[in-house]
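So you know, we letter chains A, B, ... as the sequences are listed, proteins then strands, and number each from 1. Scope of the values below: all heavy atoms of this structure, side chains included, with no hydrogens, waters or symmetry mates.
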Amino acid sequence: MALERLFRRRRAQGEARDVPELWVKCPKCDAQIYKKDLEANWYVCPKCGHHMRLSADKRVELLSDTGSFQQTTGLKPIDPLNFSDTEPYPKRLERYQREAKRPDAIVGGRCTIGSVPSVLLVMDYAFAGGSMGSVVGEELTRGIESAANENRGVVIVSVSGGARMQEAALSLMQMAKTTLALDRLWVKRLPYISILTDPTTGGVTASFAAIADVILAEPEALIGFAGPRVIKQTIRQDLPEGFQRSEFLLKHGMVDKVVDRRQLKDTVSDVLKLLYPRD
Amino acid sequence: MALERLFRRRRAQGEARDVPELWVKCPKCDAQIYKKDLEANWYVCPKCGHHMRLSADKRVELLSDTGSFQQTTGLKPIDPLNFSDTEPYPKRLERYQREAKRPDAIVGGRCTIGSVPSVLLVMDYAFAGGSMGSVVGEELTRGIESAANENRGVVIVSVSGGARMQEAALSLMQMAKTTLALDRLWVKRLPYISILTDPTTGGVTASFAAIADVILAEPEALIGFAGPRVIKQTIRQDLPEGFQRSEFLLKHGMVDKVVDRRQLKDTVSDVLKLLYPRD
Amino acid sequence: MALEFEKPISELEAKIAELEGFAASSGVDLSGELSVLRERLLRLKGDTFDNLSRWERVQLARAPGRPTSLDVINGITSDFLELSGDRAYSDDAAVVGGLAYFEGEPVVVVGHQKGRDTKENILRNFGMPHPEGYRKAMRLMDLADRFARPFIALIDTPGAYPGISAEERGQAWVIAQSIQRMARLRVPAVAIILGEGGSGGALAIGVGNRVLIMENAWYSVISPESCAAILWREAKEAAKAAEALKLSAKDLLELGVVDRIIPEPGGGAHRDPKITFANIKYALHQTLSELKPLGPEALFEDRYRRFRGLGRFQE
Amino acid sequence: MALEFEKPISELEAKIAELEGFAASSGVDLSGELSVLRERLLRLKGDTFDNLSRWERVQLARAPGRPTSLDVINGITSDFLELSGDRAYSDDAAVVGGLAYFEGEPVVVVGHQKGRDTKENILRNFGMPHPEGYRKAMRLMDLADRFARPFIALIDTPGAYPGISAEERGQAWVIAQSIQRMARLRVPAVAIILGEGGSGGALAIGVGNRVLIMENAWYSVISPESCAAILWREAKEAAKAAEALKLSAKDLLELGVVDRIIPEPGGGAHRDPKITFANIKYALHQTLSELKPLGPEALFEDRYRRFRGLGRFQE
Ligand SMILES: [Zn+2]
Ligand SMILES: [Zn+2]
């Protein structure tokens with residue numbers, strides 16, 4: 001929502017994806033890391049454990065059983081409102097699509113995770129800061145509905161500044177649509193795991209991401225409803241150390257576990273196995 | 001539970017029932033009130049609005065439509081544990097029965113309230129401080145079950161120091177039994193109103209009294225889980241002004257309304273009418 | 001108190017009143033002049049109010065004196081019995097609700113509540129709920145389901161409160177839960193956007209089988225000011241943002257986000273609350289009648305389909 | 001660390017060890033004396049542990065080193081995956097729970113959690129939950145119902161925390177809600193009283209289809225100390241109160257409050273956790289097998305009937 005600005009600022013800091021150099025500097029501990037080592041370590045700093053941003057494709061690779069992923073997403077966004085600010089929305093979309101190399105801020109499909117039949121849906125921060133418009137909402141909904149039809153568990157990895165402004169009220173409606181879709185899993189006792197990564201705020205946190213059977217978060221991820229800037233403006237004082245980070249949310253009872261990315265696949269597999277229907 | 005002691009202390013303060021004089025002094029504002037006036041005013045001080053303790057019989061009169069009340073309670077307590085402290089339990093029971101003029105700490109029956117078919121159950125503080133043992137639990141349960149069978153709403157007036165020590169674990173089980181019984185109303189969409197009066201603590205608050213469709217409290221009633229003395233002992237500091245009083249509970253979201261006793265009948269009737277099934 | 005675009009109207013109104021007063025006290029016949037002026041006023045009002053910009057409507061939606069949820073509840077129902085509390089932490093005055101009769105039928109009603117003056121606004125946090133407010137709303141949804149009563153939600157909030165305490169107690173979580181809870185209702189659910197429909201904080205009680213909106217209300221993923229601050233780096237560009245966001249009743253009807261517009265008296269709901277209430281009552285009556293034949297599961301599926309269809313994209 | 005009534009035993013044990021050491025190092029044959037002493041020890045243990053007073057059992061139930069809920073969970077299940085939080089306010093460390101396999105079958109498990117040393121005890125508030133702990137438990141009950149998994153509750157608390165914050169956030173309310181939530185489960189629910197079963201704070205997760213109790217655990221409407229303080233105005237009379245309250249496993253079985261006693265190794269559960277876990281596992285296995293044939297509604301009615309029958313009175 002109000003986080004696109006934040007998104008621009010944070011990219012430089014958190015994302016190492018497009019860096020052509022062989023060495024990457026950890027933004028937390030300043031260690032120089034050989035890029036191949038960083039990749040092999042899923043972009044977690046081997047020195048201090050800092051979790052850098054991981055691309056959506058890498059996330060799919062991290063979580064799905066090798067070779068099992070079959071992509072189903074591919075819807076394209078349109079400009080239902082003729083939205084234009086400093087630049088028309090279609091122009092923005094083109095740029096985002098070039099940058100992220102996909103039509104919108106999500107990739108997903110069927111796969112197995114720890115051998116459990118699943119639908120994996122991953123938001124892509126590289127596309128407009130993972131903002132949720134009609135396409136993201138529809139892809140999530142279709143993914144969830146297909147899981148319900150095919151008896152699969154659902155795993156959603158969220159990373160998002162919130163709902164997409166350029167589709168205005170239609171973006172807002174995706175919060176209701178995705179939440180409603182989850183009810184289809186309920187009837188068939190199929191599990192849904194939500195994974196919150198840095199950052200997840202606004203309309204994504206306040207809908208499907210917060211009502212999973214099990215909620216996992218990556219360490220030190222920024223997670224909340226309002227963005228820190230908005231809160232600061234409202235209350236006119238500094239925010240406490242660690243505010244809205246994963247560990248803060250764990251303490252306040254909002255997430256089940258803060259999981260190191262390197263253990264994430266195992267944890268997700270374990271949960272799916274524990275909750276998936278027995279025949 | 002731990003409140004029998006409190007009960008002994010508070011009686012002198014709050015109860016005007018056995019005073020033979022023509023004049024009663026309000027414990028809050030010290031006004032001298034003509035006893036007949038006080039009775040006509042349901043033992044609410046006409047000067048300052050202080051709510052003195054009202055007997056169970058008067059409560060039945062206050063809440064049920066005139067002439068409609070048919071008592072169903074009458075079970076007698078026994079001594080299942082051979083309980084004896086400074087005095088054997090049967091001896092205590094005899095004294096309580098003499099004092100309260102009923103077999104145990106509850107009176108209840110069928111009636112109409114604002115013309116709505118109801119079961120009204122009223123705890124009696126005059127009997128062992130309204131403590132809940134097997135009889136209270138069984139009468140409540142039977143009352144609730146009969147309401148479910150006969151399509152009646154349920155109104156319970158609580159006043160209690162909690163579960164009765166002398167029946168130990170059996171008293172504790174009444175918390176579960178009464179709570180379970182309320183489920184019978186659920187299935188038939190019959191309303192249940194809980195009225196909390198001074199004092200309601202311990203196992204009564206922590207069971208049927210707290211899970212009504214609508215919870216009303218009389219002004220300034222002491223309502224809580226642990227008694228104030230126990231809390232003071234635990235935390236070794238003074239309790240804040242107004243702590244565990246009705247208004248405190250309203251502020252903290254635990255009750256729907258604090259209702260003056262003189263409006264209680266109207267409010268209860270209104271709620272029953274709004275919630276009772278339409279034919 | 002006149003809004004900027006209402007000033008020519010109030011000036012003309014003042015002039016007419018002055019002339020009327022003069023005519024009455026002096027005995028001079030000004031009926032010709034007055035009738036011309038009155039006609040001009042009518043035309044001016046028409047021109048102004050029929051062609052309000054989106055930003056002007058946002059200002060009307062926020063106008064002081066505009067009927068709040070409690071005003072509307074008292075205006076369209078009888079014997080309203082307010083219930084309180086979330087049974088967990090507190091009673092949030094920014095959300096009100098309870099039991100009432102709508103045309104003799106018992107209903108459960110909930111709404112965001114703004115203050116009617118500064119003091120009340122502070123008490124009600126300007127209609128911006130904390131998590132407790134949404135938990136109260138969910139409790140009322142439970143009651144509606146339990147007693148099979150229609151559920152009516154009145155939306156009027158700049159948004160859920162963005163503060164430390166609200167985040168600590170799970171603002172995002174409770175909004176998601178409230179959306180889900182309302183979606184799961186097995187009774188007719190109608191949401192009416194009365195004034196401001198600020199983002200997730202509005203949607204939390206907006207998952208109706210039908211969503212109605214007042215003629216001058218707005219409903220958006222973000223307030224015009226915040227949108228302007230992000231896109232143009234200038235909150236002052238709010239008017240532009242309001243246009244871009246297509247947040248007016250008419251826009252939302254075209255997008256399918258709302259199902260029906262409830263007309264307001266000329267100049268806005270606050271100019272004539274009685275007409276406003278009558279209009280709401282009429283629309284709500286028709287809407288509830290439409291939903292009446294549906295059973296519990298059909299109502300759920302109807303709501304599912306309604307929201308399932310929202311969104312525009314290319315296969 | 002030996003409890004008062006265990007001292008003769010530990011003295012004799014020490015003596016035997018001393019003699020054994022002397023025999024081994026000196027080469028002197030003391031086997032005759034040793035076998036006499038060992039037999040005496042056996043008899044002493046039998047006399048002591050078979051005839052423990054209720055108050056002595058209370059002390060065993062609180063003995064340092066007694067297996068906590070987490071110990072038992074890890075001892076009787078595999079792949080325990082702990083879940084956290086009440087999704088509303090905090091994560092209460094005095095209540096733990098999550099998903100696990102019991103004999104290969106997925107289950108949901110919850111328990112009061114005491115600390116194993118002073119530091120952990122402070123973190124876990126000595127096993128006395130705040131309202132958040134019970135809300136966590138209720139969330140786990142929701143999970144059990146949602147995924148049709150048996151629900152296992154381990155009880156070990158002196159009581160729900162009696163403090164200002166707990167009262168403010170509705171301690172009584174949440175206990176009532178938790179009793180109701182557990183009662184409504186449509187899956188097999190088994191409660192096991194591991195150590196202390198302190199009043200409503202214990203019962204909140206004690207509404208099982210079956211309630212099992214460890215041989216030396218206690219379960220009561222009030223702690224012996226508080227009872228003594230009220231009845232004899234002397235906390236020191238706790239031993240008397242323990243007798244009067246009939247809070248031992250055997251008493252509770254006779255009253256129908258519990259359904260089965262799980263035997264402990266001589267001297268208490270902490271003397272041999274492996275045997276303890278094996279005994280719990282065996283009892284739980286049998287209990288779950290009994291419940292397995294029952295469908296969702298039958299399980300609810302079974303639980304209803306179980307608690308409906310408790311209480312003694314005269315018609
Ligand atoms: Zn580093
Ligand atoms: Zn007075």
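Counting heavy-atom pairs closer than 4.5 Å to chain A, the top-ranked of the candidates C:Phe300, C:Tyr161, C:Tyr304 is C:Tyr304. If you tally non-hydrogen atom pairs under 4.5 Å between each of A:Ser134, A:Pro240, A:Ala206 and chain C, the highest count goes to A:Ala206. For the options C:Arg308, C:Arg169, C:Glu254, C:Glu315, heavy-atom pairs under 4.5 Å to chain A are most numerous at C:Arg308. The greatest number of non-hydrogen atom pairs below 4.5 Å with chain C, out of A:Asp183, A:Ile215, A:Thr234, is found for A:Asp183. Each of A:Arg142, A:Gln237, A:Lys251 has some count of heavy-atom pairs under 4.5 Å with chain C, and the biggest count is that of A:Arg142. Of all the listed residues (A:Thr178, A:Ile235, A:Ile223, A:Thr141), the one sharing the greatest number of non-hydrogen pairs under 4.5 Å with chain C is A:Thr141. Contact count against chain C (heavy-atom pairs under 4.5 Å) is highest for A:Ala169 among A:Pro103, A:Ala209, A:Pro77, A:Ala169. Interface check for chain A: of the options C:Ser178, C:Gly311, C:Ala172, the most heavy-atom pairs under 4.5 Å are formed by C:Ala172. Between chain C and the options A:Asp104, A:Leu170, A:Val204, A:Val135, heavy-atom pairs under 4.5 Å are most frequent for A:Leu170. Heavy-atom pairs under 4.5 Å with chain A peak, among C:Ala244, C:Ala241, C:Ala183, at C:Ala244.
Using a 4.5 Å cut-off between heavy atoms, C:Leu203 contacts chain A through its side chain alone, with no backbone atom that close. If you measure heavy-atom distances from C:Leu255 to chain A, the contacts under 4.5 Å come from both the backbone and the side chain. Heavy-atom distances place both the backbone and the side chain of C:Trp173 under 4.5 Å from chain A. Interface remark: A:Glu87 contributes no atoms to any contact with chain C (heavy atom separation under 4.5 Å). Of the atoms belonging to C:Ala160, heavy atoms from both backbone and side chain fall under 4.5 Å from chain A. Looking at A:Phe208, neither its backbone nor its side chain comes within 4.5 Å of chain C, counting heavy atoms on both sides. Of the atoms belonging to A:Thr205, heavy atoms from both backbone and side chain fall under 4.5 Å from chain C. If you measure heavy-atom distances from C:Arg184 to chain A, the contacts under 4.5 Å come from the side chain alone. Interface residue A:Leu180: backbone and side-chain heavy atoms are both found under 4.5 Å from chain C.
When the shell of 6.0 Å around NZ of A:Lys188 is examined, it contains more than 12 heavy atoms from other residues, nucleotides or ligands.
In this structure, the ring pair (Phe, Tyr, Trp, His ring centres under 6.0 Å) partners of C:Tyr89, at least two apart in sequence or on a different chain, are D:Tyr89.
Comment: C:Lys114 does not engage C:Glu120 in a salt bridge, judged by the lack of any side-chain N to carboxylate O separation of less than 4.0 angstrom. The pair C:Lys240-A:Asp85 does not meet the salt-bridge criterion, since no charged nitrogen lies less than 4.0 angstrom from a carboxylate oxygen. Taking the charged nitrogens against the carboxylate oxygens, A:Asp124 and A:Lys101 have no contact shorter than 4.0 Å, which rules out a salt bridge.
The minimum heavy-atom distance linking C:Leu245 with C:Ile222 is given by the pair CD1-O, 3.6 Å. Heavy-atom minimum distance, C:Leu299 versus C:Arg186: CD1-O, 3.8 Å. Heavy atoms only, all atoms of each residue included: C:Ala204 and C:Tyr134 are closest at CB-CE2, 3.5 Å. Of all heavy-atom pairs spanning C:Ala249 and C:Met214, the tightest one is CB-O, 3.7 Å. Closest approach of C:Arg306 and C:Arg210 over heavy atoms only: NE-CA, 4.3 Å.
Annotation: side chain of A:Val230 is not in contact with side chain of A:Phe225 (no heavy-atom distance under 4.5 Å).
By the 30° and 60° cut-offs, the orientation of the rings of A:Tyr96 relative to A:Phe127 is tilted.
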